[in-house]
There are 2 protein chains.
Amino acid sequence: MVSSKDVAKHAGVSQTTVSRVLNTPHLVKKPTVDKVMASIDELNYIPNGHARSLVQNKTNTIALLSGPLHNPFFVDTTQAIVKYANDKGYRVNVQFVNDQKLNEAYASAVENKVDGIIMSCILIDDPIFEKFERMDLPFITYNRKHKMNKHFVEIDNFEAGYMSAKHMIELGHKEIAWIGGPLTVSTFNNRYDGFLQAMKDYKHPLSEDYVIQTDTSKQDITKAFNEMLTLRQPPTAFCAATDSIAMNLIDDASKANLSVPNDLSVIGIDNVDITSHSLIQLTTIGSISEQNLGYLAIRELIEMIENKKNSCVKITESVKVFNRNTTKAFQ
Amino acid sequence: MVSSKDVAKHAGVSQTTVSRVLNTPHLVKKPTVDKVMASIDELNYIPNGHARSLVQNKTNTIALLSGPLHNPFFVDTTQAIVKYANDKGYRVNVQFVNDQKLNEAYASAVENKVDGIIMSCILIDDPIFEKFERMDLPFITYNRKHKMNKHFVEIDNFEAGYMSAKHMIELGHKEIAWIGGPLTVSTFNNRYDGFLQAMKDYKHPLSEDYVIQTDTSKQDITKAFNEMLTLRQPPTAFCAATDSIAMNLIDDASKANLSVPNDLSVIGIDNVDITSHSLIQLTTIGSISEQNLGYLAIRELIEMIENKKNSCVKITESVKVFNRNTTKAFQ
DNA sequence: TCGTAAAATGGTTACGTATTCATTTAAAGG
DNA sequence: CCTTTAAATGAATACGTAACCATTTTACGA
């Protein structure tokens, strides 16, 4: 391994000068710079980032703790986050974390001395939030948020759930189902609350049988869907807590020989990129902003890192309905 | 920042002992281990990975140079790669690289002293390949390969292109188009060669107008598609070099009020996960293996890293047709 | 009880860089 | 030509860990 000392010897200067050539060349005479650069080229020298990090306590690395990519929401956000961070000169350590492994991922991030952490996976009540606050480590959550109500970028989840139910009610559906995820997660919790509020405001009856909180796995959603089909009066409209769930439901419907939207209507939330594909055309609720939550969050995080502002980010984007082809008036 | 020295002082032992407690606890007496662990907990000590990497010359980090996630192929592979690597205890530095920025990404990976590099983006003729070989750094390419014909995991691209054309010919199509990517890339090159060979073997005439090599961007594909539509005799069948291109073509067709497969047939290559969704049902050519190329590649890479085998990985997976709903007999 | 081997622990150093401080060299001003 | 100041360079050190070698403590058999 060729080090800056080797370069120094080769160029007949001190290691200090080599370091200066790379970091503050204006403090070095032109001929010296040339000499050193020539040696660097000749020896194929590449500085050791770990040694630098050790002394500078700065790594130019960000940890991304994302959900899995089979959820298209995380496809959009991961792409946006990695691209933006790379453009700004940061490396990104990506991990696809489930809630159980968050602690491990956290330790790994700290051990690696990352400059900041951007993550989706946090529970409303997560005790790890305090750990983050105690560390003097910039971090932000996107999509989900913690009960402390700080350091987050989200959409207006309550309003999204509300609009979702309202949409189905206004289409004349009577049997409206909710397929959500664990209520320990802010997104699911608030979206469901919005859904309930709309049902209440519109005096729409809601049977317990029509509400299922899944663990968001494909199998669990399929199970939930098939259970609903066995009801005496199966739902004609499905409000899915996320586009990912909605797309799974549509797949399940197809396998049960049911046509969407003719036999049943499905609406999602998130407006992920793929839903606008001509083959999908999922009706959904999403942010009015062009930028996805990952982009907004990484922008804020890097701002925090570089300007040391301990600004308390709290961003909630407004939402609207994207009316496409998976919902239809009843009858 | 609390260091192992602080822990040592707090526990009344030497720094060496602290290090031993964490790495080789069987060499330390039980009471001492307990004492040190207590101090570690109390002080919230987390070891500094950079300092460790510096002395051990091992980072437990892998660099992934992937294509962008709006290509669903990279969604599948990125998910598989990151998951497998994490399970094996490696962090993954993800970068979405275009061919121009490969050199930068390479430097960043070396600077960061990663244990290995897994990448998709390499040109047949890429001079960077030699750099990699000169470095004593395990690396592997998936999907694409270099002309040196080493360190790769791919599908049988020639056969895939061949089957693609054969499929359309056997369905009775006369005007068969090829929409591919730059021939400087092994995948596109070999798939196109296979396509040509099938046309030749079946004595099927092929007009130059029916062949376009795009830069695989959405706009460029749309442009190519619309140009084909203006031909005196537009194609009735489109062989797309990738599923990503195929899905874009279908979107374009829809926007041109053309129905797939009624007005035109489209076949892809790769068999990415999403193509089997009931809403998509893309006919495509893909590996006979359950595991995707990313998985196969990361498995090999980690094997190389851990067993120091400089084994020359050369894996070419056989392919088959996945006959779904986007192709149909002519007339 | 002693001697010897094994177990347990500690002192010191290397890893490769940036930084601080000291020194030399060049430039400028009278 | 000498003095003062700025520019350019070098020597020494810190960062936090693992590894190497040395030393102390313990266990065990005679």
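Numbered from 1 within each chain, the chains take letters A, B, ... in sequence-line order. From a predicted model like this one, the values you see are computed outputs, not experimental measurements.
In this structure, of D/dA11, D/dA19, C/dG16, it is D/dA11 that holds the atom nearest to the side chain of A/S14.
Using a 4.0 Å heavy-atom distance criterion, A/T16 is classed as a base contact. At a threshold of 4.0 angstrom between heavy atoms, the contacts of B/S53 with the nucleic acid are absent.
Under the 4.0 Å criterion applied to side-chain N and carboxylate O atoms, B/E306 and B/K88 are not assigned as salt-bridge partners.
A/D76 places a side-chain N or O within 3.5 Å of a backbone atom of A/D273 that can act as its donor or acceptor partner. A/D126 contributes no side-chain N or O that, together with a main-chain N or O of A/F129, makes up a donor-acceptor pair within less than 3.5 Å. For the pair B/T24 (side chain) and B/H26 (backbone), a donor-acceptor distance under 3.5 Å is absent. Counting only distance, with no hydrogens or angles, the side chain of A/Q79 and the backbone of B/L69 share a donor-acceptor pair below 3.5 Å. Using modelled atom types, no side-chain atom of A/T17 and backbone atom of A/A8 make a donor-acceptor pair closer than 3.5 Å. Within the 3.5 Å criterion, the main-chain N or O of A/S120 finds no donor-acceptor partner in the side chain of A/N143.
For A/R52 and C/dT17, the CZ to P distance is 8 Å, given to the nearest whole Å. Distance CE (B/M1) to P (D/dG16): 8 Å, rounded to an integer number of Å. A straight line from CG of A/N48 to P of C/dA18 spans 10 Å, rounded to a whole angstrom. Atom P of nucleotide D/dT9 and atom NZ of A/K5 are separated by 20 Å, given to the nearest angstrom. For the pair A/K9 NZ and C/dT17 C1', the interatomic distance rounds to 16 Å; values are reported in whole Å. To the nearest angstrom, P of D/dA18 lies 12 Å from CG of B/L54. Per the geometry, NZ belonging to A/K58 stands 25 Å off P belonging to D/dA14, to the nearest Å. Per the geometry, CG belonging to A/N57 stands 12 Å off P belonging to C/dT19, to the nearest Å.
Rotation axes derived from the C1' atoms of the five outermost pairs at either end of the helix from C/dT1-D/dA30 to C/dG30-D/dC1 lie 40° apart, to the nearest 10°.
Between the side chain of B/Q56 and the base of D/dA19, no donor-acceptor pair of N or O atoms lies under 3.5 Å. Residue side chain B/Q15 reaches the base of D/dA18 through a donor-acceptor N/O pair under 3.5 Å, judged by distance alone.
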- salt bridge (charged side-chain N to carboxylate O under 4.0 Å, His left out) evaluation trace for B/E154 with B/K314: CA-CA 8 Å; B/E154 62 169 6; B/K314 303 178 187 193; over 6 Å; no
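Between A/S4 and C/dT17, a side-chain N or O to OP1/OP2 separation shorter than 4.0 Å is present.
For the segment residues 17-30 of chain A, the set of residues with a heavy atom within less than 4.0 Å of an atom of DNA chain C comprises A/S19, A/N23, in numerical order.
A centroid separation of 6.0 Å or more is found between the aromatic rings of B/F74 and B/F96.
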